[in-house]
Amino acid sequence: MKINKISLVQAIALILIITINRLSIHLPQTILTTCGSAAILNIVFISIITIAFVIIVTKLFKNFPNLDIIDISENLGGKFLKYLVGIVLISYIIFTCAILLRDFAEILKILYYGDTPIIYLIAFFIIVCIISNWLGRKSVVKTNLILTIIMVVSLLISFLAVMPNLTIQRALPVLGYGTYETFISGLSNLFTFNSLLVIYLVPSMLNNPSDFKKASIIATIIASVLVILVTAISLLAFSFSTEIEKISSLYMLLSNNEFGKYFQHPESLFVFTWSLSFMSYVNVCCMFIVNVLKKLTNAKNERPFIVPVAIIILIVALLPKSIMQIRDFGDFTSIYFGTPLTFIALPMILILANIKHKRLHKNNKEDFN
Amino acid sequence: MKNKTLNSIKEYFHKLFYEEDSNDYNFILPETTNSIVTNAATNFETSESLSLDNESLKTSDTSNDKVFQSIDVNLEYVKVRFNSMINSDIQIREFTLSARNKQYKAFLLFIDGMTDSNIMNNYILKPLMLKNSANSFEGAQNRVVSEVKTNNITVRKIKKFDIVEYISSCLLPENTIQKLNKFDDIVSGVNSGNCALFIDTLDIAFDIEVKGFEKRSLNTPNNEIVVRGSQVGFTENLRTNTSLIRRYINNENLVIESVKVGKISKTPCAICYLKNVANSDLIAETKYRVSNLEIDYLISSGQLEQLIQDDDKSSLPQLISTERPDRVANFLFEGRVIIIVNGSPYILAVPGVFSDFLESPEDLNLKHQYANFVRFLRVLALVITLLLPGIYMAIVNFHQELIPTELLYAIIASREAVPFPILFEVLVLELSFELIREASIRVPSPVGPTIGIVGALILGQAAVDASIVSPILIIIVSITAICSFSVPDFSLGYHFRIARFVYILLGAMAGFLGIAAGACVHLLILNNMQSFGVPYFQLHIFKTKNVANGIILPPAFKREERPAFLKTKRPKTQDHISMKWRSL
């Protein structure tokens, strides 16, 4: 009985939650800073590249149904490669999760909890993360599906809410700082989709291996649409030269909007939904990490890993000293480590594994003949 | 010593990482295993085969089955058809019938609890079994009707002795007797409370009216009151309850199995299901759990519920408890399994999923527009009763900007004279309300309203006047209380009452972040739970098409499917176009 396997929709939600959470923080502002008024054009370009890339990755996985990147690494390079890939993935996921968590906690602190220690706020996420993973993968995945839907709906509502405040002229000049900056230097914005790293871990979780392609592509398309919308709204609502980096640009948009007499500032309700989705994000990250750890150690029981992983996330989240340091750390690792890992290193492993697979297949055929 | 310590540490870690938790009990309801029934049930070709009468619920076509002349064959047939080996209330009384000093093997078929045993004993069994002037009369076997003598040849017109006529007119002093030769008619009669008399050598059976339901002693349900619907509730007597269910189901596929629970008490329990609808694994799992209870005694269905539920740590109800026979009949038709405990008027239905506890028994009796309106109100009430005090805490402590400035001023002004922190104020008032509620349940009914008046009106007003609580909080707690009464299920209401306090604390600790953490954990717990192999909470509740078991109820003619999670042998309840009269 496939108790812990996940369905197509659940897989889409898993991939999506990792991507869309960054939208409510400073991601749109980073894109605006690098591309100026060409941010929309740049992100459309990046999205197309990402979708094409995901299609290629799904093709590379075709020969390895039900195997994730850890299993494939073991097939390709034995235990050494398995441990290397596993440890790199674990470190990266822990780091990005912790940094993003701290970033969100800092935003909450600035907005509502001025006198509260940051550890107190992060502890809420960590406790939920421990409880969720203790309850099991099934419960994390199912809850994530519900919370992803809530998050997507909340994002769409916030887009609709800020629609009247948009000025089309802010997208001009269309090419922003220039063609080179938009399409060549702007390639660094691929980091927006670094979170697609999880698609390398999803195949072994799927109930039906043939759903992998669909799940990856659909999730990437939905994530692309949302990223384009958030970038467009951020660009059209503020002048790209406006410094709104300290807190979430989406929050700023909502708080500057008029919602009528009775609900003067409903943005705190959006913060509520974003908190929920961040909790789900941390749960999912922890689930992936524990899953990789379980594979690396061949353990049967994953529970002993949960608390140490959660504590490590907490410690890493507490390391940076200020919100600017967090963002510097985050952007640096995303651009110089996350992007090469997601878009170069892991696909290389897949390509090599495919070559090995073809050779083995060919040799087997020759032996048979 | 050192090695021993090292070994024990090694063993501990090995256990920790490489041994699975032995406490985990994983039962997942598989697809139905009875393929014959599935095929028969899913192929809906004619409108006749769709109506939920006797005909449609059969696994194979029995409409042409006729009574056999051999009593042994008839006996075997009814035993198989009524599942008499497991069906505890199906009674077959074999005896020897005396008619004109001749002995015939015979048997009576009836359902215990639906027939009047006095009538059966005095007016059926006595005349048939006891030797008396009627059945020991040794008259001529053949009666001469007319006689003509011609040329020393006598031509006699003889009416042969007719045992059927003889039994019907001489031995059965009953006013309603039918002679039937089709098994379907006989089964229908037995299901409706008659008894069937089969006699050896006869290819007919007597359908004798001996209905004897419990009528006067039945009461209206106390806690599941409806406006449009049956006003009959279950009683403490198991057999009365099974007969109440049979009156609704009226089908031989309804199996009522007897189980005794408790080593000392040996409490009679019954497991009921529709054999050709319910999932076989669900039936087996229910029987397995009920039969494997090593307890000394069992008094009520509430105790049994706690003993057979999947998750004993969660305060959420996992089995549906009802005192209404119409609701139970509905559950059985859906494909659930029912458990009756002798001595308890509350009957358990398994599996129970979250959406079941938001349904009122009345929903299905109302037009879908009305039902959806009240369902929406119920969901709204549920959210309010769970979160309102917590949200109030969060807004007042952390998110003041959410509410209009005027309202914020009003709240601050109303709290000005109150010397306590908001958390204390909310907890005191919520606890007071819970005390009043508990007291009003325990006190004798004539005093109940007094407790309400004293508690709610006098104490509330006095507390505001004494500046112990703010008036706005009285409004918040009152709204919460009113909404809590809208939760249709008693057990779910308890769960929300407890959870409300947790949300109050979380709201006080971290505002919306705390409430979000609570909501996330709540969702995780809901998603982790199972009830008899069925996920407790899933997105099926948002399915609006073709099922009656969702948040939105479709019109009656569109309730075509049974809940998918039950994985029944008959996935459909009606044809795609059930109202054939419209298309004719």
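In what follows, every chain begins at residue 1, and chains take the letters A, B, ... in the order their sequences are listed.
Residues A:Ile131 and B:Ile525 are not in side-chain contact: their nearest non-hydrogen atoms beyond the backbone lie 4.5 Å or more apart. Side chains of B:Gln400 and A:Tyr112 form no contact here, defined as non-hydrogen atoms less than 4.5 Å apart.
The part of A:Phe125 that comes within reach of chain B is its side chain, from C-beta onward, which places non-hydrogen atoms under 4.5 angstrom from that chain. For A:Leu145, the part lying near chain B is the side chain, with the backbone staying farther off; criterion is any non-hydrogen pair under 4.5 Å. In this structure, chain B has a heavy atom under 4.5 Å from the side chain of A:Leu108, while its backbone stays farther away. In this structure, the portions of A:Thr297 lying under 4.5 Å from any heavy atom of chain B include both its backbone and its side chain.
Taken to the nearest 0.5 Å, the NE2 atom of B:His522 stands 11.5 Å off from the OG1 atom of A:Thr143. Taken to the nearest 0.5 Å, the NZ atom of A:Lys138 stands 10.0 Å off from the CE atom of B:Met529. Residue B:Leu523 holds its CG atom at 9.5 Å from OG of A:Ser280, rounded to the nearest 0.5 Å. Atoms OG and CG, from A:Ser139 and B:Asn527 in turn, are 6.0 Å apart once rounded to the nearest 0.5 Å.
The aromatic rings of A:Tyr113 and B:Phe398 sit tilted, their planes meeting at an angle between 30° and 60°.
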Exercise for the section: For B:Leu524 and A:Asn283, run side-chain contact (heavy atoms from CB on, under 4.5 Å): C-alpha distance rounded to whole Å, both residues' side-chain angles, the deciding distance at 0.1 Å, then the answer. Expected result: CA-CA 10 Å; B:Leu524 284 160; A:Asn283 299 345; 4.2 Å; yes
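Other residues, nucleotides and ligands place more than 12 heavy atoms under 6.0 Å from the OH atom of A:Tyr120.
Residues of residues 146-157 of chain A that come closer than 4.5 Å to chain B, counting heavy atoms only, are A:Ile146, A:Leu147, A:Ile149, ordered by residue number. Residues from residues 507-520 of chain B that place a non-hydrogen atom less than 4.5 Å from a non-hydrogen atom of chain A comprise B:Met509, B:Ala510, B:Gly511, B:Phe512, B:Leu513, B:Gly514, B:Ile515, B:Ala516, B:Ala517, B:Ala519, B:Cys520, given in numerical order.
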